[in-house]
There are 2 protein chains.
Amino acid sequence: MFKSAVFNLKDATKEEIQTFLNSFDTVLTDCDGVLWIDNNAIPGSPETMNQFRKLGKKIFYVTNNSTKIRSDFAIKAQELGFIASADEILSTAYLVAHYLKGIGFTKKVYMIGSNGIGEELKAVGIRYIGVGPDHVCSDFKSMKPSELDSEVGAVVVGFDEHVSYPKFMKAASYLDSEDCLFIATNTDERFPKGGSIVVPGTGTLVKAVETCSQRKALVLGKPHAYVRKFLESCGLDPARTLMIGDRCNTDIELGVRCGFQTLLVLSGVTSERDLEKIRTEKKPPLPDVVLPKLGDLMALFPS
Amino acid sequence: MFKSAVFNLKDATKEEIQTFLNSFDTVLTDCDGVLWIDNNAIPGSPETMNQFRKLGKKIFYVTNNSTKIRSDFAIKAQELGFIASADEILSTAYLVAHYLKGIGFTKKVYMIGSNGIGEELKAVGIRYIGVGPDHVCSDFKSMKPSELDSEVGAVVVGFDEHVSYPKFMKAASYLDSEDCLFIATNTDERFPKGGSIVVPGTGTLVKAVETCSQRKALVLGKPHAYVRKFLESCGLDPARTLMIGDRCNTDIELGVRCGFQTLLVLSGVTSERDLEKIRTEKKPPLPDVVLPKLGDLMALFPS
């Protein structure tokens, strides 16, 4: 629709904005870095999303975050000013439960992860262990095989602030059996930065477990195959779907692979400098359009 | 000397064994998986090493293990029946201190590691923080920049049984400054297995920190450049040096890169099956000779 790759919507004419807004019926949006950072809405994001809804767009919140169940995500979104319901949330905690239920998994899950995944598993009747602190006791090397649960048939790695050496040891020991499934929610290296503290993402933990288990995880979240198949099964018309994200290597990559239109916002992980690098090195995926932040659309909506 | 690649010394004639034993003056040996597993000597290893010494060979213990200072390594070796002195030990804890001293480092080290590295740093007058537990408090995301020590100029990653999410967060935050050095002792994925429990190695932690920091560590241990340069500076004659190890991708790789002769033992990480795979896929590094375990040499020494 626009003349060049990675068109900045701020430079669009009124007609171009109108054509853009008419070009999709469904909006898929990432959350962290697009709608909010930590517990603060990014200014203008709630109004923009709610405006999409007013214009009759169908909305899905598609997040790699695995720490909350869908209803808690919806509550967080509402508290920050977004209109949202649980069935509009597609989180990786939900995807894990959906995947394991789909393959008829009946064993137990050993989890490096949080209650978010746990609650979604419980909802589909799958048992799990591993949530919460598991600290080193006297001699870590003295762990006995009897400390492993013989019913475990899958290791799931999601975000876990309590990750620890014993957890890596248990995960790798379970995964030493080829029959044990190895599933990861996502491979995001970091969370969007609010300040000078770097907040490591699930990808950090996945890489660690892949290293000690010497196996590759099946990754369910963006931009991997399972979430793509899931979205495709929802009956969206790819050509009339807009994917909004703050990360080229997850959100935009997912959009490109699915044939969606893509909007990158620079309020999260991918910076203007990163984008420039991707553009000059011609390393895909490139978004169709870009905006400093989602809320900038508010000034562009036709009055 | 032997007819084919990866010759099993057990198949050698008396003359071949004699030629082999005459072909080197210096023995470099890995420790975990060759000499011992955990706190148990591998049967025959002490006698074999002590026999090399009797034959006048110079001996160095070259280990990627970073958890002990050199004198404690020597004591462990002695307790298990090996003749050994601290100045024969080349451990990665020592290499870290040697490296930082060598470049005139005067700032503080943030360490994911153990007292072994700490003691070696102290011995060369380098300050460090980070050893020991660092567990998640109430809200991990509430870490303040003031919790970072502005004097830190290097992150060192070695083996750390107390590794935790706050440690990853701090390491990645320090490494967000390009001036901060990033050093790893080694990248071994696992320790040699004593039983069904997989014991993750330092490589597991290094991969995690590399992922969240989005940087690559300078790795000092086998088979990387720094330990090679260190050994080369010791005035060894490569052609008359034998490297013994249980891992193709560290010990044998180091030996091959340095032009040493190489002996792989199958009592540790690399299994006969792994070796067969390496051989059929013609994926180097291949050792010159192989033995099920080092102690098997005892029956082959000329009487």
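Throughout, a chain's letter reflects where its sequence line sits, starting with A, and its residues are numbered from 1. All figures in this text were calculated on a predicted structure; none of them were measured in a lab.
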Which bit of A:L175 comes within less than 4.5 Å of chain B, counting heavy atoms only: side chain, backbone, both or neither?
neither
Atom pair OG (B:S164) and NE2 (A:H162), whose distance is rounded to the nearest 0.5 Å
11.0 Å
Turns out that what part of A:D188 lies under 4.5 Å from chain B's heavy atoms comes down to neither
State, to 0.1 Å, how close B:P200 and A:Y165 come at their nearest heavy-atom pair, and which atoms those are.
O-OH, 2.6 Å
Classify the ring geometry between B:H135 and A:H135 as parallel (under 30°), tilted (30 to 60°) or perpendicular (over 60°).
parallel
Evaluate the side-chain contact (heavy atoms from CB on, under 4.5 Å) criterion for residues A:I197 and B:L148: first the C-alpha distance (whole Å), next the side-chain angles of each, then the deciding distance (0.1 Å), finally the verdict.
CA-CA 9 Å; A:I197 300 289; B:L148 299 178; 3.8 Å; yes
Residues, nucleotides or ligands: over 12 heavy atoms within 6.0 Å of A:E272 CD:
no
Part of B:K144 within contact of chain A (heavy atom distance under 4.5 Å)
backbone
Measure the OG1-NZ distance between A:T204 and B:K207 for me, rounded to the nearest 0.5 Å.
12.0 Å
For B:S173 versus A:V198, what's the shortest heavy-atom pair and its separation?
OG-N, 2.7 Å
Pick whichever of A:K167, A:M169, A:K170, A:R190 has the most heavy-atom pairs under 4.5 Å with chain B.
A:R190
Bottom line for A:F191: the part with an atom under 4.5 Å from chain B's heavy atoms is side chain
Hey, which of A:T187, A:D38, A:D176, A:N39 has the most heavy atom pairs under 4.5 Å with chain B?
A:D176
Non-hydrogen side-chain atoms of A:T211 and B:L205 separated by less than 4.5 Å
no
